[in-house]
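For this chain, numbers begin at 1 and follow the sequence in order.
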Amino acid sequence: MNPLLGAEQAVLGSVLLDPGQLSHLDWLAPDHFYRPVHQALFAALRKLHNDGHPALAAEETAPLSWVTDAFDEASLHVRGLTTAYAHTLISACPRPAHAPVYGRMVLEGAIHRSVTAHAIRLHQAARADALQGEVEGALHYADVLTGVLSDLAQRWGTEPRPVAPATPPATAPAPPPVRADQVAEDERFLLAVLAERPRAMDEVVGWLRPGDFADPAHGQLYRCLGALHHRGEPIDRITLLWEAQRRGLLADGTLSSDQLTAICDGVGPGSADWLGELVIRSSVTRTAATSARAIRALAENKALAPGRLINHALHALGPLDEVRTRWQMANGRPAPTPTAPTPSPNGPPAVQVHAALARSAPRPASPLSARPSSAPTPAAARPPFRGHS
């Protein structure tokens with residue numbers, strides 16, 4: 001059996017057997033379930049609970065009306081649901097009292113699905129922007145994904161912070177660059193202008209980096225230009241060729257003298273600032289697509305715990321945040337100043353405390369460490385998990 005399907009069935013089976021379990025699942029929402037029929041049935045159970053169904057007053061076994069009324073309500077919103085399915089759900093529940101644990105599994109699956117879906121949207125927006133020569137769509141969906149990750153972290157009860165994975169996620173081979181020929185032409189034109197007019201380096205050196213070039217050879221040539229500019233040495237085709245040789249670019253085949261000559265001979269009238277903006281614009285969409293692919297690979301790893309998934313995904317967005325800042329500098333827009341969260345004088349937010357408690361079981365205190373003034377808090381006295389209303 002699929003583990004997620006088993007968890008969804010176990011949650012519903014536990015509530016059908018014991019309606020009171022819904023009071024421990026107020027942080028679980030219908031859209032956290034994967035199957036539409038399970039979404040409709042959990043919503044129906046929630047509605048009956050909120051309406052004060054008579055089954056809630058039952059002290060022992062839930063009456064049959066609790067099951068039939070829930071299926072009748074759910075059938076109004078989804079097709080193909082019959083009361084015969086109740087036997088499957090009930091038999092899938094080993095222990096009704098374990099409903100919060102089953103619900104946590106459902107929420108974990110929902111977190112993975114949500115991150116995957118938003119990563120796909122970011123990748124699609126980045127590819128669309130690359131075709132149109134824009135960046136706004138990719139940056140917008142990057143902000144949306146960041147907000148989603150922060151919200152999911154709060155629901156799961158963890159602190160969102162970028163953490164690099166121990167091993168990079170295995171991603172599928174990158175698709176061919178969008179408008180690769182045009183991007184390469186823009187890069188060659190920019191390098192030709194910078195080689196012909198060395199003072200033009202002042203227009204781009206503050207925000208353009210070698211990694212912004214799609215062609216690694218172009219990025220290395222820009223690095224050579226930057227080194228000569230930084231040292232205050234003259235720039236022309238001879239000094240460039242010599243710098244490339246000193247860096248080993250000719251020996252390892254990254255650059256050839258013919259390539260460099262072709263770039264320097266292709267100079268024409270052009271604005272280094274405008275051409276640099278074209279290059280960094282392409283870098284923004286390319287970096288957004290790379291980040292999206294990495295995040296999707298992380299989310300599709302079912303062995304990755306939600307807290308680690310969220311933190312690794314935030315780390316994968318780091319390169320995009322860095323190139324976005326330089327894009328804003330290129331356009332004369334002030335970079336937004338991140339505001340650090342103010343720590344609460346009373347400790348972590350209650351929602352994070354509740355979420356953390358829902359994921360941990362109480363442990364009895366060791367006789368050696370127990371103190372008269374500090375007794376372990378019973379599980380029943382702990383506040384329930386309220387990940388969201």
Response to the item:
Across all chains, not counting sequence neighbours, the ring-ring contact (aromatic ring centres under 6.0 Å, His included) partners of Tyr102 are none

Practice prompt. Return the set of residues passing ring-ring contact (aromatic ring centres under 6.0 Å, His included) with His53 (not counting sequence neighbours), or none when no residue passes.
Written response: Trp66

Worksheet item: With side chains defined as the heavy atoms from C-beta onward, is the minimum distance between Phe33 and Leu12 less than 4.5 Å?
Response: yes

Fill in: Pairwise side-chain contact, Met105 with Val11, heavy-atom cut-off 4.5 Å (strictly under)
no

Output yes when a side-chain donor or acceptor of [X] lies under 3.5 Å from a complementary backbone atom of [Y], and no otherwise.
X      : Y      : result
His32  : Ala29  : yes
Ser291 : Ala288 : no
Asn331 : Trp327 : yes
Gln259 : Ser256 : yes
Arg35  : Gln9   : no
Asp18  : Pro96  : no
Thr158 : Ala153 : no

Rounded to the nearest 0.5 Å, what separates atom [atom1] in [X] from atom [atom2] in [Y]?
X      : Y      : atom1 : atom2 : value
Leu107 : Ile111 : CG    : CD1   : 4.5 Å
Leu28  : Leu22  : CG    : CG    : 9.5 Å
Gln21  : His49  : CD    : NE2   : 10.5 Å
Tyr141 : Gln124 : OH    : CD    : 8.5 Å
Lys302 : Glu108 : NZ    : CD    : 9.5 Å
Leu320 : Thr290 : CG    : OG1   : 9.5 Å

Worksheet entry | Summary of salt bridge (charged side-chain N to carboxylate O under 4.0 Å, His left out) pairs that have at least one residue in residues 64-86, sequence neighbours excluded | none

Worksheet entry | Summary of side-chain hydrogen bond (donor to acceptor under 3.5 Å, both in side chains) pairs that have at least one residue in residues 305-314, sequence neighbours excluded | none

Worksheet, complete the sentence: side-chain contact (heavy atoms from CB on, under 4.5 Å) filter on Asp202, not counting sequence neighbours, yields His229

Fill in: Any residue meeting side-chain contact (heavy atoms from CB on, under 4.5 Å) with Ser283, in chain and number order, not counting sequence neighbours
Asp212, Arg286, Thr287, Val323

How would you list, by chain and number, every residue that makes a side-chain hydrogen bond (donor to acceptor under 3.5 Å, both in side chains) with [X], sequence neighbours excluded?
X      : value
Arg296 : Glu300
Glu322 : Arg326
Ser257 : none

More than 12 heavy atoms of other groups within 6.0 Å of [X] [atom1]:
X      : atom1 : result
Phe71  : CZ    : yes
Asp252 : CG    : yes
Arg161 : CZ    : no
Tyr85  : OH    : yes
Arg95  : CZ    : no

Item to complete: I would like to know whether Leu152 and Leu309 meet side chain to side chain contact (heavy atoms under 4.5 Å, CB included); could you show each step before the answer?
Response: CA-CA 10 Å; Leu152 293 176; Leu309 166 61; over 6 Å; no

Worksheet item: side chain to side chain contact (heavy atoms under 4.5 Å, CB included) between Leu208 and Leu190: does it pass, once the steps are laid out?
Response: CA-CA 11 Å; Leu208 191 63; Leu190 172 61; 3.6 Å; yes

Fill in: Shared-cluster residues of Leu76, by chain and number - hydrophobic side chains joined below 4.5 Å
none

Worksheet entry | Under 3.5 Å side-chain donor-acceptor pair for Thr239 and Asp236 | yes

Worksheet item: Do you see a donor-acceptor pair shorter than 3.5 Å between the side chains of Asp273 and Ser271?
Response: no

Discussion item. Going by the rule salt bridge (Lys or Arg N to Asp or Glu O under 4.0 Å), which residues pair with Asp215 if we only count those two or more places apart in sequence or in a different chain?
Written reply: none

Item to complete: For Glu134, check salt bridge (Lys or Arg N to Asp or Glu O under 4.0 Å) against everything at least two apart and list the hits.
Response: none

Discussion item. For a side chain to side chain contact (heavy atoms under 4.5 Å, CB included) check, start with the C-alpha distance between Ile263 and Leu240, then their side-chain angles and the critical distance, and finish with the verdict.
Written reply: CA-CA 11 Å; Ile263 289 175; Leu240 267 179; over 6 Å; no

Item to complete: For the pair Asp186 and Arg179, find out whether any cationic side-chain nitrogen is under 4.0 Å from an anionic carboxylate oxygen.
Response: no

Practice prompt. Before giving the answer on side chain to side chain contact (heavy atoms under 4.5 Å, CB included), spell out for Leu16 and Leu45 the whole-Å C-alpha distance, their side-chain angles and the decisive distance to 0.1 Å.
Written response: CA-CA 8 Å; Leu16 290 174; Leu45 291 166; 3.9 Å; yes

Fill in: Identified side chain to side chain contact (heavy atoms under 4.5 Å, CB included) partner of Val204 from the options Val193, Leu194, Leu225
Leu194

Worksheet item: Does Leu191 belong to the same Ile/Leu/Val/Met/Phe/Trp/Tyr cluster as Leu278, with side-chain heavy atoms less than 4.5 Å apart forming each link?
Response: yes

Worksheet item: In the single-linkage hydrophobic clustering (I, L, V, M, F, W, Y; side-chain heavy atoms under 4.5 Å), do Leu41 and Tyr34 co-cluster?
Response: no

